[in-house]
Number of protein chains: 2
Amino acid sequence: MEVNSIKINFATYLQVGIFASSKPNFTMNTAQNTKDRIIELGRNYMQRIGYHSFNYKQIALELNIKNASIHHYFPSKEDLGLAVIEKDRQDFIYLTQKVKKAKAMDKLEALIASYEYYYREGKKLCVISTFSSSYNEITERMQLAASQYAELVTAWLAATLKEGLESGEFSFKGSVEDLANIWMAMMPGALLVGRTGGQAAFDRTINSLRQTVKSS
Amino acid sequence: MEVNSIKINFATYLQVGIFASSKPNFTMNTAQNTKDRIIELGRNYMQRIGYHSFNYKQIALELNIKNASIHHYFPSKEDLGLAVIEKDRQDFIYLTQKVKKAKAMDKLEALIASYEYYYREGKKLCVISTFSSSYNEITERMQLAASQYAELVTAWLAATLKEGLESGEFSFKGSVEDLANIWMAMMPGALLVGRTGGQAAFDRTINSLRQTVKSS
DNA sequence: TATAATCTACCTGTATGTAGGTAGTTGCTT
DNA sequence: AAGCAACTACCTACATACAGGTAGATTATA
């Protein structure tokens, strides 16, 4: 009993350590149980090394559980892939709620901050581009989930751009939809460019992106 | 003797078929021997499904040779990866030579044409973004080769943008280097966006990219 | 005691890579 | 020009490693 309670406390301590070094994408880390922790670590690995290069063993080692235990929560890898996409989508929705009353530029900056975080924390890709990169070799359900999530972000971007345009905060030529597309392409593109070109290339690209809403 | 000559003719016939269905990236297909054909098919697969998902067996089947024969030409997968990057770099150089005397916009259109070809032929990524996607799980030599190749393209873009700006063909704000960075991010970004968003999303992104050199 | 969480111990498939061999060609030497 | 060496382009067969996944037992918890 005592041994067990010590074990549990130590595990809890470890979890805190894990959380501290693997911050969430958009929001505070809410992983408390093993299942959430698996999703969190899975997302991390997928963004770093891709859906296919990631494997259960890596997570099992970090959580001090066995491979088979992960299958208990996620019978197939696809299940975990879908859970990661869904978690990221929820976190994105949470972010948009949090900045609902902020200025349009601050909304965009909140999204940019996520991407800057991705880059700094191990040159990660965002979840959408992670699955886009592997698009031709993932199941249809994952393709669909990724596409729907991408559409959600695109719609939010368009709405935010429209808002800033109508309030006079932004000024740009071309349609709101076109600029939303540019952001959708350039944000993951900046992460890719940052991988080969380093921090400076990443920063320049993000700064150029910011300029697109300022009388361009 | 006769049997052999028939065999050879049949093999030659097959090769023609293979070439017809796997066009090159920037230039005419020059693959004549097995080694070049392996590079060509390898590049194709890598752009479609990524460096790690691609495997020797797929090529072996298509070329009607055995797995081990590919190791004869490329002892390790890294060797083939490096050969693919180098081949693509050479093809890019060939493309730039071909359009050396063209107008700046035509130069950019030549590059765009490659990307439209990638998208239409199986939603491929470009070689640089293929290796960027797997950047954290490829060898240092491949990282370096990809980075150097990316730098080459960036420099060519900057030179071309400068050329068009000075001739009055283009008009844009911001520095030539910044716009080169935008192109470097948006072209692969368009391919990623096209995977989740389909042809329309890809086309819109590419069209937006074209607008960046026209009084933006 | 029922259920959840986790374990041990497997199986299957497959990818990279190696060892060693063969048939045919090219090139060198006398 | 004959004969041998060396090379090219493959082959068969195997070694190694590891990933995804399953079955059934065990332990902890409500």
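Residue numbers begin at 1 in each chain, while the letters A, B, ... track the order of the sequences.
In this structure, A/His71 atom NE2 and D/dA25 atom P are separated by 20 Å, rounded to whole Å. A/Glu78 has its CD atom 14 Å from the C1' atom of D/dG21, to the nearest Å. Across the protein-nucleic acid pair, B/Lys57 atom NZ and D/dC11 atom C1' stand 16 Å apart, rounded to whole Å. Whole-Å rounding puts the B/Asp79 CG to C/dT18 C1' distance at 15 Å. Between B/Asn55 atom CG and D/dC18 atom P the separation is 18 Å, expressed in whole Å. Per the geometry, OH belonging to A/Tyr56 stands 9 Å off C1' belonging to D/dG21, to the nearest Å. For B/Arg37 and D/dA9, the CZ to C1' distance is 12 Å, given to the nearest whole Å. Rounded to whole angstrom, the span from the NZ atom of A/Lys77 across to the P atom of C/dT14 amounts to 15 Å.
Between A/Leu157 and A/Leu108, the shortest heavy-atom contact is CD2-CD2, 3.8 Å.
The environment of B/Glu140 atom CD is sparse: at most 12 non-hydrogen atoms of other residues, nucleotides or ligands sit within 6.0 angstrom.
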Less than 3.5 Å apart, which donor and acceptor atoms pair up between the side chains of residues 185-198 of chain A and the rest of the protein, not counting sequence neighbours?
residue, atom, partner, partner atom, Å
A/Arg195, NE, A/Lys123, O, 2.9
A/Arg195, NH1, B/Ser132, O, 2.8
A/Arg195, NH1, B/Ser133, O, 2.9
A/Arg195, NH2, A/Gln47, O, 3.3
A/Arg195, NH2, A/Arg48, O, 3.3
A/Arg195, NH2, A/Lys123, O, 2.8
A/Thr196, OG1, A/Val193, O, 3.3

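Within 4.0 Å (heavy atoms only), B/Phe74 reaches no atom of the nucleic acid at all. Among the heavy atoms of the strands lying under 4.0 Å from B/Asn67 is at least one base atom, whether or not backbone atoms are also near.
In this structure, B/Lys98 does not pair ionically with B/Asp91, as no charged nitrogen and carboxylate oxygen lie closer than 4.0 Å. Salt bridge annotation for B/Glu86-B/Arg89: present, with a cationic side-chain nitrogen under 4.0 angstrom from a carboxylate oxygen.
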#### Entry: Summary of protein contacts for nucleotides 1-6 of chain C, nucleotide by nucleotide, where a base hit scores B, a sugar-phosphate-only hit scores S (4.0 Å, heavy atoms)
----BB
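Side chain to side chain, A/Trp183 and A/Thr212 meet the donor-acceptor criterion of an N or O pair below 3.5 Å.
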